[in-house]
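I have placed the structure first, in the form of structure tokens, so that the comments after it can refer back to it.
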Amino acid sequence: ELWYMLRGIGIDVGENDVITFLQDLEVMNSLQFNSNRNRLTNRIEINQIQLTARGLAVIEGRLTDDAVLF
């Protein structure tokens, strides 16, 4: 759904790129989500995406460490 929304607003990005970006943000403790691999299609399905306190601090500019800024 996120991929469709990005495409809908004119951002030219692949579905795998969005998944990789979300996974990177999770490793940086900026997001949390559930992920499952669909056994029929072998695709990764991500749902229940939410910002962590750290992710919110980055967005609000309260955390300014260059390592966490995209």
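For Glu1, there are no salt bridge (Lys or Arg N to Asp or Glu O under 4.0 Å) partners two or more places apart in sequence or in a different chain.
For the pair Ser35 and Ile44, the tightest heavy-atom approach, listed with the atom from each and the gap, is CB-CG2, 4.3 Å. Closest non-hydrogen pair, Ile46 versus Phe33, comes out as CG2-CD1, 3.5 Å. Contact between Val18 and Trp3 at its shortest, heavy atoms only, is CG2-CD1, 3.9 Å. Heavy-atom minimum distance, Arg54 versus Met28: NE-O, 3.0 Å.
Just one of Leu22, Asp24, Thr52 meets the side-chain contact (heavy atoms from CB on, under 4.5 Å) condition when paired with Leu31; it is Leu22.
Rounded to the nearest 0.5 angstrom, Glu45 CD and Asn36 CG are separated by 7.0 Å. A distance of 8.0 Å separates CD in Glu26 from CD in Gln32, rounded to the nearest 0.5 Å. Here CD1 of Ile49 is found 5.5 Å from CG of Leu2. Values are rounded to the nearest 0.5 Å.
Within 6.0 Å of the CZ atom in Arg7, the count of heavy atoms belonging to other residues, nucleotides or ligands exceeds 12. Counted within 6.0 Å of CZ on Arg39, heavy atoms from surrounding residues, nucleotides or ligands total 12 or fewer; the atom is thus considered open.
In the hydrophobic clustering of ILVMFWY residues, with side-chain heavy atoms under 4.5 Å counting as a link, Tyr4 and Val13 come out together.
Looking only at side-chain heavy atoms (C-beta outward), Ile19 and Gln23 come within less than 4.5 Å of each other.
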